[in-house]
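Just the heavy atoms: all of them, side chains too, but no hydrogens, waters or symmetry mates, feed the values below. Per chain, numbering begins at 1; letters A, B, ... match sequence-line order.
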Amino acid sequence: MTAPTGAHNASHETHDYDVVVIGAGGSGLRAAIAAHESGARTAIVTKSLLGKAHTVMAEGGIAASMGNVWPEDNWQVHFRDTMRGGKMLNNWRMAQLHAQEAPERVWELEEWGALFDRTKDGKISQRDFGGHRYARLAHVGDRTGLEMIRTLQQRAVELGIDVYMECTVTQLLKDGDRIAGTFGYWRETGSFIQLNAPAVIIATGGIGKSFKVTSNSWEYTGDGHALALQAGASLINMEFVQFHPTGMVWPLSVRGLLITESVRGEGGVLRNSDGKRFMFDYITDYFKAETADTEEEADRWYDDHINNRRPPELLPRDEVARAINSEIKAGRGSPHGGVFLDIATRRSAADIHKRLPSMYHQFKELADVDITKDPMEVAPTCHYVMGGVEVDPETQAATVAGLYAVGEASGGMHGSNRLGGNSLSDLIVFGKRAGESAAEYAAKLDRRPAAPAADVANAIAVALKPFDDNGDENAYTVQQELQDVMFSLVGIIRTGAEMEQALAEIEKYKARVKRVTVQGGRAYNPGWHVALDIHNMLTVSEACAKAALERKESRGGHTRDDYPKTDPEWGKINLIVTEENGAISITHKPLPQMPADLAQLFEEAK
Amino acid sequence: MGHTQKMRVWRGDAAGGGFVDYDVPVEEGEVVLDAIHRLQATQANDLAVRWNCKAGKCGSCSAEINGKPRLMCMSRLSSYDPDETITVTPMRTFPVIRDLVTDVTFNYEKAREVPSFAPPSDNQGGKFRMNQLDVERSQEFRKCIECFLCQNTCHVVRDHEENKPNFAGPRFLIRYAELDMHPLDTVDRKNTAQEDAGLGYCNITKCCSEVCPENIHITDNGIIPLKERVVDVKYDPVVFIAKKIGLRKDSGRTPVGPAGGGPSPIKHPEKFADS
Ligand SMILES: Cc1cc2nc3c(=O)[nH]c(=O)nc-3n(C[C@H](O)[C@H](O)[C@H](O)COP(=O)(O)OP(=O)(O)OC[C@H]3O[C@@H](n4cnc5c(N)ncnc54)[C@H](O)[C@@H]3O)c2cc1C
Ligand code: SF4
Ligand code: SF4
Ligand code: FES
């Protein structure tokens, strides 16, 4: 391995690598570590500083069937829970690999310095979460994501992997039909940077910034989804967006901010304005057999999972979010338009401080609410996109040679709905796989692909366009309008007519963003950054709305008022999104067939 | 109830700058970062500011508000008088890039200098056993969100550029403490903490602990115990004998990673004549 050389190429810098990873969240860092350890010259590119990616915000935990609390747990049970949580639309092979490999990946974090909370006998402690049959989430209080990202970040820095931080990729470069690298800009200076590499891993996270009420940050503009589409790769499951049942509703400025599911895992319950634990009214047939139907049984479950069934508050997220939505609509909501989440009457103040310290802090500081004394007000918030780049389950390879995708940016693993805790485990299981396979692909090539100069020149022109226009649009305004439209028309409950309306609006925004002009220069100019990101937001919004319009049923993170039933025929179909000459289209693709031995697991459990 | 908030924000870059006054409409319950964002969306599109989580979890939005180092997302407007002008400036200890954004590379370089964690090998099947009580000491330091407010506040480097090469700063002194107290770590870091990280520069003023948004007891639980251990090891004759006969864990094993040197992996934009 030789050190990459920096070369000046006209007015931008270029560097050569074997593998470039876009994204420094859990998945990107894990992939980079794996690629580096496989011998590839590896670089990480990230829009934010190292350690600030979304992964840092994850609270509840990492799902892995280590069986430390319930020895009955094993990968088969985890696999089954994951598939049922996704309403069987998950790529079965990904769900299987994920369930099988998650424990080892968690132990590996421990070898790299992570300090998880412990059980009495000194093993990694595991907590309950929605949709998981046994207490399965390895955690550190309610700051598990911080532990994961810091551990991986420290590991990557120790290994000496090159990191380009505050550097945004705006285009993937290709040589014919293969990937040849990335093109982007430094936020600090606005100067351009080209990384030549035969293999590129997209680890850019989600798309939640396109929705008004969201737990996601400015970074979640769907860059990786859009980059992949433009490079000719396909997306899968884009109609499925997870609305987390418990977002903050008050004060307005924190609307959408996440309240971890651990609050319910630790015993918190949902009540309406009559004080009623309403979740008992919303147990669907699908989960009837495994859900408690009395408060007494539900309360016994926390100490005895074997002889009691789970409380309905811990149904998968799509079920709980819909229930909360119905209660609010029926006029049984809280003063600020949510419902009540009560932990105060259920656990001691000391327990709450110990188990949910950052939730206590968040409410105390931002809402003046003491959660050890008063209930929280909560309503659904856009949280996670199940859809992403369509990948091979073993290698995470996308449909374009040299392109890989991992983490929230990839699709298939979670089907129509992700279980809590299954993202962090997904990041490290498939991060490792993606890094290794990208390195192997790069090593096997006999010729390094090279992007045509004209494509690079074009990428520069596109990036600079907002400066030379004398337009009359403000990118922030278009962004806000888009967020309103997506949240109200392609949100938690959808109808055909509303989605058509949303698509018509998106067409108008597309015309408007052509007229966006930015103030100021190129150095650290957020106005310019938004003007570029908005194109990606429009692309992913359109992909999501089109797929959602096409799927004429309700399933997981896709609920239609005009097609309220889950339709077994649609259960056999994935929707694939592709783009050609800027036009987005949707095609049907049959689900891969699950082998008989795995299918058997669902028979036994009935 | 909303009101119009008077804001004074430092605008400029490495070449210089100054304060600009703004009137910003704000709503009940908002924080300083909300006001800055509204300003950015409506009056100053190019205002440079860092943020990610808006919930005190990522440590991006550090700045000085009325001269106090704070997270903008955790500073409620209601804690200021509505008629008061709120002044926001970038962290002073780090070179400014633009407006409220500073170059925090110093911290990433210091992070790289800490000899890496070195556990016993092989945790296959999750063999490691640790007591909750034992992990809690290090866990306190691992709550750090790397906002670098403590680094910004510490007088050893604030306005003392010359000390930066020799002093890791409170954030990284507690990283040493964290590893030192880590039940699985096999490396003795007391000497590196003293000699390479400049533990001796700290004179326990506790200013760092005061600004830490995570309420980490940087000085009391981290730096002071570390200092005590350094003194102990240096003068404790029993330890000295134990060391000779090889009973203690500081086996002199070479840590992997940064201590071994090599160029920093953190890359920076190349400077061009035309940019
Ligand atoms: C508040 C909250 C709590 C959560 N809690 C849990 C939990 O308890 N358990 C769980 O399993 N999951 C949880 N999740 C979900 C989980 O945290 C995320 O899905 C996961 O962290 C995503 O990781 P990632 O590696 O895919 O992407 P991220 O961590 O989001 O990283 C994306 C990276 O890509 C970079 N990037 C993006 N675009 C570009 C570009 N154009 N150029 C360069 N770089 C780019 C970003 O800078 C960033 O570094 C939570 C999510 C949120 C928001
Ligand atoms: S206690 Fe030490 S590290 Fe903290 S601010 Fe004072 S001198 Fe700096
Ligand atoms: S120790 Fe506290 S103040 Fe210092 S960087 Fe960490 S969180 Fe910030
Ligand atoms: S934005 Fe994350 S700490 Fe303020």
When B:Arg50, B:Gln124, B:Glu30 are compared by non-hydrogen pairs under 4.5 Å with chain A, the top option = B:Arg50
Heavy-atom distance under 4.5 Å to chain B: side chain of A:Leu257, backbone, both or neither?
-> side chain
Applying a strict 4.5 Å limit to non-hydrogen atoms, the region of A:Lys47 in contact with chain B is neither
Selection from B:Leu47, B:Thr42, B:Asp13, B:Asn131 maximising heavy-atom pairs under 4.5 Å formed with chain A | B:Leu47
Side chain of B:Arg142, backbone of B:Glu178: donor and acceptor closer than 3.5 Å?
-> no
Checking heavy atoms, do the side chain of B:Ile97, its backbone, both or neither come under 4.5 Å from chain A?
-> side chain
Does the distance from a Lys or Arg side-chain N to an Asp or Glu carboxylate O, for B:Arg112 and B:Glu109, drop under 4.0 Å?
-> no
Part of A:Ile149 lying under 4.5 Å from any heavy atom of chain B = neither
For the pair B:Arg38 and B:Glu27, find out whether any cationic side-chain nitrogen is under 4.0 Å from an anionic carboxylate oxygen.
-> no
For A:Leu366, is it the side chain, the backbone, both, or neither that has a heavy atom closer than 4.5 Å to a heavy atom of chain B?
-> both
For the candidates B:Met130, B:Gln40, B:Arg98, which exhibits the highest count of non-hydrogen atom pairs separated by less than 4.5 Å from chain A?
-> B:Met130
For the student: nearest non-hydrogen atoms of B:Ser75 and B:Tyr80, plus distance | CB-OH, 4.1 Å
Output for pair (A:Ile33 CD1, A:Ile44 CD1), nearest 0.5 Å, gives 7.5 Å
Heavy atoms only, distances under 4.5 angstrom: which of A:Pro251, A:Ser217, A:Ser215 has the most pairs with chain B? Name it, please.
-> A:Ser217
Region of B:Asp34 that comes under 4.5 Å of a non-hydrogen atom in chain A | side chain
What part of A:Ala156 is in contact with chain B, defined as an atom under 4.5 angstrom from a non-hydrogen atom: side chain, backbone, both or neither?
-> neither
Where on A:Phe116 is there a heavy atom nearer than 4.5 Å to chain B: the side chain, the backbone, both, or neither?
-> backbone
So what's closer than 4.5 Å to chain A heavy atoms on B:Lys127: side chain, backbone, both or neither?
-> neither
So which part of A:Asp121 gets closer than 4.5 Å to some heavy atom of chain B, the side chain, the backbone, both or neither?
-> backbone
Please determine, among B:Ser78, B:Cys73, B:Cys144, B:Gly125, the option with the most heavy-atom pairs under 4.5 Å with chain A.
-> B:Gly125
Run the salt-bridge test on B:Glu146 and B:Arg171 with the 4.0 Å N-O cut-off and return the result as yes or no.
-> yes
Region of A:Glu104 that comes under 4.5 Å of a non-hydrogen atom in chain B = neither
Could you tell me which of A:Lys123, A:His361, A:Gln153 has the largest number of non-hydrogen atom pairs under 4.5 Å with chain B?
-> A:Lys123
Counting heavy-atom pairs under 4.5 Å with chain B, the top scorer among A:His529, A:Met165, A:Gln154, A:Arg187 is A:Gln154
Between B:Asn52 and A:Trp218, does any side-chain donor sit less than 3.5 Å from a side-chain acceptor?
-> yes
Any Lys/Arg nitrogen of B:Asp46 or B:Arg11 sitting under 4.0 Å from an Asp/Glu carboxylate oxygen of the other?
-> yes
Pairs of heavy atoms under 4.5 Å with chain B: top-ranked of A:Gln362, A:Glu365, A:Glu219, A:Glu147 | A:Glu147
Examine whether an atom of A:Trp112 lies under 4.5 Å from a heavy atom of chain B, and if so say whether it belongs to the side chain, the backbone or both; otherwise answer neither.
-> backbone
Determine, for B:Phe148 and A:Lys52, whether the Lys NZ or Arg CZ falls below 6.0 Å from the six-membered ring centre while staying within 45 degrees of the axis.
-> yes
For the pair B:Lys57 and A:Glu59, find out whether any cationic side-chain nitrogen is under 4.0 Å from an anionic carboxylate oxygen.
-> yes
Structural part of A:Asn474 lying under 4.5 Å from a heavy atom of chain B | side chain
Examine whether an atom of A:Pro103 lies under 4.5 Å from a heavy atom of chain B, and if so say whether it belongs to the side chain, the backbone or both; otherwise answer neither.
-> neither
Between A:Thr214 and A:Lys209, is there a donor-acceptor pair closer than 3.5 Å when you use the side chain of the first and the backbone of the second?
-> no
At a heavy-atom separation under 4.5 Å, does A:Met66 approach chain B through its side chain, its backbone, both, or neither?
-> neither
Honestly, the part of A:Thr151 sitting under 4.5 Å from a heavy atom of chain B is both
Identify which part of B:Leu133 has an atom lying under 4.5 Å from any heavy atom of chain A, answering side chain, backbone, both or neither.
-> neither
Under 4.5 Å from a heavy atom of chain A, the part of B:Val101 involved = side chain
Quick one: sort the B:Phe117 and B:His182 rings into parallel, tilted or perpendicular, breaks at 30° and 60°.
-> tilted
Would a line drawn from the ring center of A:Trp186 to the ring center of A:Tyr164 be shorter than 6.0 Å?
-> yes
Step through it carefully: locate the ring centre of B:His37, locate the ring centre of B:Trp51, and say whether they are under 6.0 Å apart.
-> yes
Using a strict cut-off of less than 4.0 Å between a Lys/Arg side-chain nitrogen and an Asp/Glu carboxylate oxygen, indicate whether A:Arg155 and A:Glu111 qualify as a salt bridge.
-> no
Examine the side chains of B:His217 and B:Glu140 and answer whether a donor and an acceptor come within less than 3.5 Å of each other.
-> yes
Identify which of A:Glu108, A:Arg150, A:Gln479 forms the greatest number of heavy-atom pairs closer than 4.5 Å to chain B.
-> A:Arg150
Among B:Ser60, B:Pro269, B:Cys58, B:Ala44, which residue forms the greatest number of heavy-atom pairs with chain A at distances under 4.5 Å?
-> B:Pro269
